[in-house]
Asks: 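To start, I am sharing the structure in question, which I have written as structure tokens.
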Amino acid sequence: MSLSAKDKLAVKTFFGKVAPKVEDIGREALARTLFVYPQTKTYFSHWADLSPSSPQVKKHGLTVLNGVLSAVELIDDLKGGLLTLSELHAFMLRVDPANFKIINHNLLVVFAMMFPDDFTPEVHVSVDKFLAQVSLALAEKYR
Amino acid sequence: MVVWTKQERACIQDIFSKLNYEDTGPKALQRTLIVYPWTQRYFTSFGNLYNAEAIMSNQKVAAHGTIILHGLDRAMKNMDDIKSTYAQLSMLHSEKLHVDPDNFRLLADCLTIVIAATMGTSFTADAQAAWQKFLAVVVSALCRQYH
């Protein structure tokens with residue numbers, strides 16, 4: 001399910017709107033991941049505070065969504081462009097790739113909440129495809 | 001046995017009270033057919049589904065979306081025994097319609113996104129957790145009679 005030219009344009013346009021709100025959206029998506037899917041908290045046992053108002057959740061949400069935004073710039077070669085990030089996730093973080101689907105879902109929920117008019121079904125399918133490709137690229141070095 | 005807290009019941013009933021079934025239902029089904037086009041395989045009798053515009057203006061899709069949401073309403077009104085409430089629906093989807101149960105999850109996800117768009121910030125993390133638990137129980141009940 002690779003990205004067509006139409007998908008890439010939709011993704012670039014939509015994430016152009018996301019960029020100014022990267023901090024809020026990133027925090028909200030991560031907070032919901034930790035709250036609605038409590039098993040994801042196992043990766044953050046070293047944080048004192050896992051609540052939505054935690055400074056660590058805010059900082060890390062920003063890190064994650066900035067990563068996704070950088071992937072938009074690398075959309076023509078995600079596997080190559082995300083190689084270092086893939087190595088980080090594979091060898092250091094060892095996040096089970098099943099969790100990529102979870103954070104992706106919560107990103108989509110927050111996008112729908114914050115951009116109800118822009119996040120049309122057509123934009124949704126392109127963004128969903130893009131996030132799936134990003135997840136695949138991140139999982140590239142796992143085995 | 002599913003246990004619902006008072007807050008979860010209140011959350012779920014609150015969400016339903018905010019929905020216009022004739023709007024949310026169609027939107028959720030349209031989104032499913034557009035975002036996951038392979039789901040169109042179950043609707044070959046619905047006519048033109050060739051592109052997003054066709055799907056969004058298709059009357060049969062809209063009518064069926066409304067039926068689905070009324071079906072969910074029944075589950076909400078019988079939250080303590082969704083399994084029995086849906087026994088016949090489960091048989092229908094398995095024996096007659098032959099729907100791959102994975103499609104229930106796809107529709108559930110699209111419905112969650114439509115509700116997020118409708119409710120905006122009032123779709124809190126608590127609301128999302130309760131809502132997704134409700135949908136998981138619904139999906140499980142629909143899968144029950146498959147063999």
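Atom set for the values below is all heavy atoms of this structure, side chains included, hydrogens, waters and symmetry mates excluded. Convention: sequence-line order gives letters A, B, ...; per-chain numbering from 1.
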Asks: Take atom CZ in B:R9; do more than 12 heavy atoms of anything else shown fall under 6.0 Å from it?
Replies: yes
Asks: Applying a strict under-4.5 Å side-chain criterion to I, L, V, M, F, W and Y, I'd like to know whether A:V36 and B:I115 cluster together.
Replies: no
Asks: Do B:L107 and B:V114 belong to the same hydrophobic cluster, where Ile, Leu, Val, Met, Phe, Trp and Tyr are linked whenever their side-chain heavy atoms lie under 4.5 Å apart, directly or via other members?
Replies: no
Asks: Tell me whether B:Y146 is reachable from B:V138 by hopping between hydrophobic residues (I, L, V, M, F, W, Y) whose side-chain heavy atoms are closer than 4.5 Å.
Replies: yes
Asks: Find out if a path of hydrophobic residues (ILVMFWY) with successive side-chain heavy-atom gaps under 4.5 Å connects A:F111 to A:I102.
Replies: no
Asks: Is there a path of hydrophobic side-chain contacts, each under 4.5 Å between heavy atoms of I/L/V/M/F/W/Y residues, joining B:L29 to B:I67?
Replies: no
Asks: Tell me, for A:M114 versus chain B, whether the close heavy atoms (under 4.5 Å) come from the side chain, the backbone, both or neither.
Replies: neither
Asks: Looking at every non-hydrogen atom in both residues, tell me the closest pair between A:P121 and B:V35 and how far apart they are.
Replies: O-CG2, 3.9 Å
Asks: Which pair of non-hydrogen atoms, one from A:V109 and one from B:A116, has the smallest distance, and what is that distance?
Replies: O-CB, 3.7 Å
Asks: Taking side chain as everything from C-beta outward and backbone as N, CA, C, O, which of these in B:M119 sits under 4.5 Å from a heavy atom of chain A? Side chain, backbone, both or neither.
Replies: neither
Asks: Report every donor-acceptor pair between chain B and chain A with a separation under 3.5 Å, backbone and side chains included.
Replies:
| unit_1 | atom_1 | unit_2 | atom_2 | d |
| --- | --- | --- | --- | --- |
| B:R31 | NH1 | A:F119 | O | 3.1 |
| B:R31 | NH1 | A:H124 | ND1 | 3.0 |
| B:R31 | NH2 | A:F119 | O | 2.8 |
| B:F123 | O | A:R32 | NH1 | 2.9 |
| B:F123 | O | A:R32 | NH2 | 2.7 |
| B:Q128 | OE1 | A:R32 | NH1 | 2.9 |
| B:Q128 | NE2 | A:N106 | OD1 | 2.8 |
| B:Q132 | OE1 | A:H105 | NE2 | 2.8 |
| B:Q132 | NE2 | A:Y37 | OH | 2.6 |

